[in-house]
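The structure appears right after this line, and notes come after that.
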Amino acid sequence: MLYLYNTLTKEKELFQPLDPHHIKMYVCGPTVYATPHIGNARPPVIFDVLYRLLKEIYPNITYVNNITDVDDKINARAKELGIPIRELTDSTLKLYQDMTKSLSILSPDHMPRVTDHIPEIILFIQKLVDLEFAYIVSDHVLFEVGKYKRYGKLSNKTLDQLIEGSRIEVAPYKKDPRDFVLWKPSDEETPGWESPWGRGRPGWHIECSALIKTFLGETIDIHGGGIDLTFPHHENENAQSICAHDGEPLAKYWFHNGLITVNGVKMSKSLGNIILLEDVLKEYNGEAVRLTLLSAHYRQPLDWTRKRTESSAETLKKFYNALDGYSGNGSVDQKLFSKFLNALNDDLNIPLGLSIMHEITGLIHKADNVSRETFQATLKKCGELLGLLGKNYQKDLSPKELELIEQRKKARADKNFALSDQLRDELKELGVIIEDTKEGQKWSKI
RNA sequence: GGCCGAGUGGCAGAGUGGUCAUGCAGAGGACUGCAAAUCCUUGUACAUCGGUUCGAUUCCGGUCUCGGCCUCCA
């Protein structure tokens, strides 16, 4: 029984799929204009775990994650760099794909690029115009918020509050300051597509509505993203999709992850406290970064510190240590695995799940040879669900490393401890950890 | 200002109306040539003030502090 916290109802709810034979999930993907930071990495990792969990429970799931490659931020950035837009989006997309690889994120079933689906977007907007939920003014197509009575339900805002906030851009042609752009005109230099409303480009929110419709249908099970997308992005998406689809809900469960903070405050471009993923990966391997991203409950903020990442790396070492010597043939201890699964099923309580993995680690060390394999298989299986412990960590050693290991073995046999200690230090410098056990000298590589 | 969320032991971080979170760090011990790993032992934790209750860290209300959204943002 899977329970998920639903932003729409503000409650933890039993997950009841629309169709248990086909689960549909959509997560808002990146706008490809800037080097990914660790905040960009949290949703893909969190949703990757949810994806793995759903796969464990249900036979068939379609997960769609879009790539936004048309956006004014992209245009501005390309101009600043003096490079063609396509070059910027392609190279940034490549960085995101690299991130996926280094953080062991499974590929979603579809990763559509928005620019490959402009006709669907135009059709979607046309429908809203035809139904009179949208109006055309000054070459723009605007969604008329006032026509959707439940606007604000998702983000828990009343119409009055939004007006009082009054930080909304008030273009003079808007009927209502809250109305938002579905389509806007492009000048010669700006990317644009021919449409019934002239040459232009889509507004921010419409792409997701159109892509969901295209790939998954009118109503999906889970729609997700960072909590900061709730308003205005998801609120607007929700409004336009519901209006286009005769009141059918867009998503049954709205699932949002908390944000990454630095010294307690949100990491954001405007504050300039961005930590780039590539910089973190220079110091720590992807798996340690992944575990760090999973080390707090997904809805809680996660304060990014060096100490935290180091602690994750240590934890991984401990887990891998416990898996040492595993044949790969153990059978999973169902009782322990259920305990772990129950933790994840309870609104993705990954920290609790990790504590169970620690418990299993202890059991491995205390077990006899027969049950050890079972516990190791179980730990491995738990790790799999979190996208961890998949590495074959006993990597090949270089000839030099092998040579040093041999030398040390000999030195110990000769009881030349001064030399053996020196060789151990040398190997450590190379990243090879030597441990002496009853069975003799053992090595592992970080 | 409005709407959310949070305050747990040295740190990180779950959770619960009444015997255990867990990890790291610390202390003591076992093992070891020394380490490391591992094992055993070890901690008057739940912002604050009231209320409900036989009993609250857990429920309710007030207060304080912090964060998020209301603007591009994952």
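Chain A is the first sequence line, chain B the second, and so forth, proteins listed ahead of strands; every chain is numbered from 1.
Side-chain N/O atoms of Arg424(A) and base N/O atoms of rC34(B) include a donor-acceptor pair closer than 3.5 Å. Judged by atom type and distance alone, Asp421(A) reaches the base of rG33(B) through a side-chain donor-acceptor pair under 3.5 Å.
The side chain of Asn349(A) lies closest to rG15(B) when the candidates are rG15(B), rA36(B), rG68(B). When each of rA74(B), rA12(B), rA14(B) is scored by its nearest atom to the side-chain atoms of His37(A), the top-ranked nucleotide is rA74(B). Distances from the side chain of Val265(A) to the nucleotides rG15(B), rA37(B), rG68(B) place rG68(B) closest. When the nucleotides rG33(B), rA74(B), rC70(B) are ranked by their closest atom to the side chain of Phe417(A), rG33(B) comes out on top. With rA74(B), rU22(B), rG13(B) as the choices, the nucleotide that has an atom nearest any side-chain atom of His358(A) turns out to be rU22(B).
Looking at residues 405-416 of chain A, you'll see Arg408(A), Arg412(A) sit with a heavy atom under 4.0 Å from some atom of RNA chain B. Using a 4.0 Å cut-off on heavy atoms, the residues of residues 67-76 of chain A that approach RNA chain B are Lys73(A), listed by number.
At the heavy-atom level, Met267(A) lies under 4.0 Å from base atoms of the strands shown. Within 4.0 Å (heavy atoms only), Lys307(A) reaches sugar-phosphate atoms of the nucleic acid but no base atom. Within the nucleic acid shown, Ile260(A) comes within 4.0 Å of at least one base atom, counting heavy atoms only. Heavy atoms of Thr437(A) sit nowhere under 4.0 angstrom from any nucleic acid atom. In this structure, Ser268(A) reaches the bases: a heavy-atom distance under 4.0 Å links it to at least one base atom across the strands shown. Among the atoms of the strands shown, none is found under 4.0 Å from any heavy atom of Glu359(A). Within 4.0 Å (heavy atoms only), Gly225(A) reaches sugar-phosphate atoms of the nucleic acid but no base atom. Leu259(A) comes within 4.0 angstrom of a nucleotide base, judged by non-hydrogen atoms across all strands.
Secondary-structure stems of RNA chain B, taken as three or more successive Watson-Crick or G-U wobble pairs (i with j, i+1 with j-1) under a 3.5 Å distance threshold, comprise B:1-7 with B:64-70, B:10-12 with B:22-24, B:26-30 with B:38-42, B:47-51 with B:59-63.
Applying the side-chain hydrogen bond (donor to acceptor under 3.5 Å, both in side chains) definition to pairs two or more places apart or across chains, those involving residues 34-49 of chain A are His37(A)-Asn40(A), Asn40(A)-Tyr96(A), Asp48(A)-Arg52(A), Asp48(A)-Arg290(A).
If Ala418(A) and Tyr298(A) are placed on RNA chain B by their nearest nucleotide, the residue sitting closer to the 5' end is Tyr298(A). Nearer the 5' end of RNA chain B, as judged by each residue's closest nucleotide, is the contact made by Asp303(A), out of Asp228(A) and Asp303(A).
Remark: Asn156(A) is not in phosphate contact with rC3(B), judged by side-chain N or O atoms under 4.0 Å from OP1 or OP2. Taking 4.0 angstrom as the limit, Arg299(A) places none of its side-chain polar atoms (N or O) nearer than this to OP1 or OP2 of rA6(B). OP1 or OP2 of rA74(B) lies within a sub-4.0 Å distance of a side-chain N or O belonging to Lys269(A).
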Interface polar pairs with nucleotides 38-42 of chain B, N/O, under 3.5 angstrom:
unit_1	atom_1	unit_2	atom_2	d
rC40(B)	OP1	Lys366(A)	NZ	3.0

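In this structure, Lys153(A) places its NZ atom where more than 12 heavy-atom neighbours from other residues, nucleotides or ligands lie under 6.0 Å away.
The separation between Lys157(A) atom NZ and rG5(B) atom P is 12 Å, rounded to whole Å. Distance CG (Leu352(A)) to P (rA14(B)): 10 Å, rounded to an integer number of Å.
Nucleotides rC11(B) and rG43(B), compared at atom C1', are 14 Å apart to the nearest Å. The separation of rA37(B) from rU48(B), taken at their P atoms, amounts to 37 Å, rounded to a whole angstrom. Spacing of C1' atoms, rA14(B) relative to rC70(B), comes out at 31 Å, to the nearest Å.
Asn66(A) contributes no side-chain N or O that, together with a main-chain N or O of Pro112(A), makes up a donor-acceptor pair within less than 3.5 Å.
Classified by interplanar angle (parallel below 30°, tilted 30° to 60°, perpendicular above 60°), the ring pair Phe231(A)/Tyr151(A) is perpendicular.
For Lys175(A), the salt bridge (Lys or Arg N to Asp or Glu O under 4.0 Å) partners are Glu144(A), not counting sequence neighbours.
Side chains of Thr9(A) and Glu13(A): a donor-acceptor N/O pair is present below 3.5 angstrom, by distance only.
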